[in-house]
Amino acid sequence: MDNKLIGEKKVYSAYLDYRNQVLKYTNEEMNLTLTSDDQVYIAVFDIPLKSGIVGNQTETLALVFGLNVHLYHGSGEVITGLEKDEDIKKAMTSLMISASQILSVMELTENTEFYNSEHIRAYLKTRKGIYFRELTGNIKEDKFMGMLLNRIMKEISKAQVNK
């Protein structure tokens with residue numbers, strides 16, 4: 001796979017490819033029957049990082065309900081198989097089940113193009129489409145989603161240390 005730096009975005013093309021693959025994945029491809037329009041089956045979080053190293057200013061946590069927990073770095077590096085850790089899987093399941101609670105403050109969008117931001121960007125995929133919101137922390141729903149996301153990241157950190 002070609003992995004070239006996309007200068008204005010400060011990330012590599014492999015990173016963008018991985019991120020876009022998850023966002024395009026459908027419940028039909030997963031062989032997943034959705035029971036309601038607000039059931040979230042994919043969650044993608046673009047997380048800004050403070051780093052002076054090109055390609056390390058962002059990472060994306062990609063969650064595919066019941067299947068995968070992946071972490072993509074702007075450099076193109078990928079950490080897969082995180083769902084094999086029971087605590088990470090529990091944290092992912094909790095977020096996915098609870099995510100529908102914030103859909104009312106999100107906007108339905110077709111634009112999932114990556115951009116740099118100082119805030120975490122959340123993309124939640126449902127039968128209706130992809131909902132988007134920058135988590136600024138200004139409302140209770142942002143804080144709630146942030147808490148669920150932090151739990152996953154804490155479990156990932158714990159698992160990586162214990163490897």
Side chain to side chain contact (heavy atoms under 4.5 Å, CB included) between I130 and L108, worked out: CA-CA 6 Å; I130 297 175; L108 204 51; 5.8 Å; no
Please identify each residue that fulfils salt bridge (Lys or Arg N to Asp or Glu O under 4.0 Å) with R133, with sequence neighbours left out. D142
Please report, to 0.1 Å, the donor-acceptor pairs under 3.5 Å made by any side chain of residues 22-33, with sequence neighbours excluded.
unit_1 : atom_1 : unit_2 : atom_2 : d
T26    : OG1    : E28    : OE1    : 3.4
T26    : OG1    : E29    : N      : 3.1
T26    : OG1    : E29    : OE1    : 3.3
N27    : ND2    : L32    : O      : 3.1
E29    : OE1    : T26    : N      : 2.8

Do P48 and E118 have side chains that get closer than 4.5 Å, going by heavy atoms? no
Value rounded to 0.5 Å, distance of OH in Y18 from OG1 in T60: 13.0 Å
Show, in sequence, the C-alpha distance, side-chain angles and deciding distance for I79 and L82, and conclude whether the side chain to side chain contact (heavy atoms under 4.5 Å, CB included) test is met. CA-CA 7 Å; I79 301 173; L82 294 166; 3.7 Å; yes
Start with the C-alpha distance between V78 and L71, add both sets of side-chain angles, then the distance that settles side chain to side chain contact (heavy atoms under 4.5 Å, CB included), and finish with yes or no. CA-CA 6 Å; V78 178; L71 200 55; over 6 Å; no
Could you tell me whether a side-chain N or O of S94 sits under 3.5 Å from a main-chain N or O of K90, the two making a donor and an acceptor? no
Non-neighbouring partners of A43 that pass side chain to side chain contact (heavy atoms under 4.5 Å, CB included), sequence neighbours left out: F45, L63, L95, M96, L124
Give a yes or no on whether the ring-centroid distance for Y15 and Y72 is below 6.0 angstrom. no
Closest heavy-atom pair, T136 versus H119, reported as atoms and distance to 0.1 Å, is CA-ND1, 3.7 Å
Checking Q39 side chain against T35 main chain: does a donor-acceptor pair fall under 3.5 Å? yes
In short, M92 meets V64 closest at the heavy-atom pair CE-O, 4.0 Å
If we only count heavy atoms from C-beta on, is the L61 to V44 side-chain gap below 4.5 Å? no
What distance do S36 atom OG and K128 atom NZ have between them, rounded to the nearest 0.5 Å? 9.5 Å
Under a 3.5 Å cutoff, is there a donor and acceptor pairing between the side chains of E134 and S117? yes
Is there a side chain to side chain contact (heavy atoms under 4.5 Å, CB included) between Q160 and I156? Walk through the geometry before answering. CA-CA 6 Å; Q160 294 300 302; I156 290 171; 4.2 Å; yes
Interatomic distance, CD1@I42 vs OH@Y123, rounded to 0.5 Å, equals 14.0 Å
Contact between T126 and D37 at the side-chain level, heavy atoms closer than 4.5 Å - yes or no? no
Could D46 and R19 be called an ion pair, given the rule that one side-chain N must be under 4.0 Å from one carboxylate O? yes
Using only atom types and a distance under 3.5 Å, with no angle test, would you say the side chain of T80 pairs donor to acceptor with the backbone of H70? no
Determine, for E86 against K89, whether the closest basic-nitrogen to carboxylate-oxygen distance falls under 4.0 angstrom. no
In Å, rounded to the nearest 0.5 Å, how long is the span from CD1 of I88 to CD1 of I152? 9.0 Å
For E83 and V69, which heavy atoms make the closest approach, and how far apart are they? OE1-N, 2.9 Å
Non-hydrogen atoms of S100 and V40 that approach each other most closely: N-CG2, 4.0 Å
Between E107 and Y131, is any pair of side-chain heavy atoms under 4.5 Å apart? no
Say whether N111 and T109, considering side chains only, have a donor N or O and an acceptor N or O under 3.5 Å apart. no
Distance from M153 atom CE to L148 atom CG, nearest 0.5 Å? 13.5 Å
Grab the two heavy atoms, one from F144 and one from S98, that are nearest each other, plus how far apart they are. CZ-CB, 3.7 Å
Are any non-hydrogen side-chain atoms of M145 and M106 less than 4.5 angstrom apart? no
Heavy-atom side-chain proximity of F114 to V11 below 4.5 angstrom: yes
Judged by atom type as modelled, is there a donor-acceptor pair below 3.5 Å linking the side chain of N20 to the main-chain atoms of L16? yes
Backbone N/O of T112 and side chain of R121: donor-acceptor pair under 3.5 Å: no
Output the distance between atom CD1 (I102) and atom CG (D38), rounded to the nearest 0.5 Å. 12.0 Å
